[in-house]
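Below is one structure, written out as C-alpha cells, with a few remarks after it.
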Amino acid sequence: MPSKKPLPKPVSTGFWLVKSEPESYSIDQFAKDKKTLWTGVRNYQARNFMMETMKPGEKVLFYHSNAEPSAIVGLGEVVRTNVPDPTALDARSDYHDPKASKDHPIWFCAEIKFLEKFDLPLSLEEIRRVDSLADMSLLAKGQRLSILQVQPDEFDVIMELV
DNA sequence: GCCAACGTTGGC
DNA sequence: GCCAACGTTGGC
C-alpha cells in the first residue's frame with residue numbers, strides 16, 4: 001500500500017460560483033470590464049480549481065459576499081485557465097508573494113468574461129429556502145472557499161429563479 | 001463589530 | 001509531526 005494518497009483532481013461539474021465582496025469587485029465593475037482575470041486567490045484548493053479543473057466555456061455564477069444582501073448577482077463564462085497570477089509578481093500589489101517568480105509563479109488564475117447581470121439577484125436567504133439547493137456547497141457550514149463547484153441541476157434551478 | 005470556522009505558520 | 005497562535009472569511 002502506498003503511504004500517500006494521490007492528490008484528488010476533482011472532475012469539473014461544468015458550473016462554478018465565485019465570491020467577491022462588492023466593495024472590492026462588484027458585478028457592475030465586471031459588466032464594465034467585460035472580462036477579468038480572477039486574481040488574488042491565495043488558497044491552494046481554489047487555485048487548483050483554476051489550474052486544472054475549470055475549463056473554457058464553463059459557466060460561472062457571480063456571488064456578492066459580505067453584502068446587503070449577499071446574493072448571486074450575475075453570470076460569466078470561463079475564457080482561459082491556468083494563467084500565472086500577475087499580482088503575485090507585482091511588488092506593489094496587496095497580493096504580492098515574495099516567493100513567486102516568473103519561472104515559479106506559484107499562483108494561477110482564470111480569465112472570466114461577463115455574460116449577464118441578473119434582474120432578480122438570488123439572495124443567500126432565498127437560496128436557503130429552496131429545497132433543491134439545500135446541498136449547495138455555498139451553504140455548507142464553515143465554507144470559506146472563494147471558488148466553488150456547482151452541480152448542473154443546481155445551476156438550472158438558479159437560472160430559473162433569477 | 002463579533003465571532004465561528006478554517007487555513008497557514010512556525011516553534012519545538 | 002504536533003499543535004498553539006495567528007490571520008482571514010463571511011454571516012450575522
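Chain naming here is simple, since letters A, B, ... match the order of the sequence lines and numbering starts at 1 in each.
- In this structure, A:Asp94 atom CG and C:dT9 atom C1' are separated by 16 Å, rounded to whole Å.
- Taking the six-membered ring where the residue is Trp, the centroids of A:Phe30 and A:Trp38 are separated by 6.0 Å or more.
- Per the geometry, CD belonging to A:Gln143 stands 9 Å off P belonging to B:dC6, to the nearest Å.
- Aromatic pair A:Trp16/A:Phe49: centroids less than 6.0 angstrom apart.
- Residue whose closest nucleotide on DNA chain B sits further toward the 5' end, between A:Tyr44 and A:Asn66: A:Asn66.
- For the residue pair A:Gln29 and A:Ser26, no side-chain donor N or O sits within less than 3.5 Å of a side-chain acceptor on the partner.
- Rounded to an integer number of Å, the gap from CD of A:Glu68 to C1' of C:dG11 is 11 Å.
- The CG-C1' distance, from A:Leu148 to B:dC6, rounds to 14 Å in whole Å.
- Rounded to an integer number of Å, the gap from A:Arg144 CZ to B:dC6 C1' is 4 Å.
- Of the candidate nucleotides C:dG11, C:dG10, B:dA5, C:dG11 has the atom lying nearest to any side-chain atom of A:Tyr63.
- Between A:Glu111 and A:Thr36, the side chains place no donor N or O within less than 3.5 Å of an acceptor N or O (distance only, hydrogens not considered).
- A straight line from CD of A:Glu21 to P of C:dC12 spans 15 Å, rounded to a whole angstrom.
- Closest approach to the A:Leu124 side chain among B:dT8, C:dC12, B:dA5 is made by C:dC12 (side chain taken as heavy atoms from C-beta onward).
- Close to C:dG10, at under 4.0 Å from its OP1 or OP2, lies a side-chain N or O of A:Lys19.
- A donor-acceptor pair shorter than 3.5 Å cannot be found between the side chains of A:Ser101 and A:Asp103.
- Considering only side-chain N and O atoms, A:Lys141 lies under 4.0 angstrom from the phosphate OP1 or OP2 of B:dA5.
- Straight-line distance from the CZ atom of A:Arg42 to the P atom of C:dC6: 24 Å, rounded to whole Å.
- Under 4.0 angstrom from either OP1 or OP2 of C:dC12 there lies at least one side-chain N or O belonging to A:Arg128.
- Rounded to a whole Å, the CZ atom of A:Arg47 is 14 Å from the C1' atom of B:dT8.
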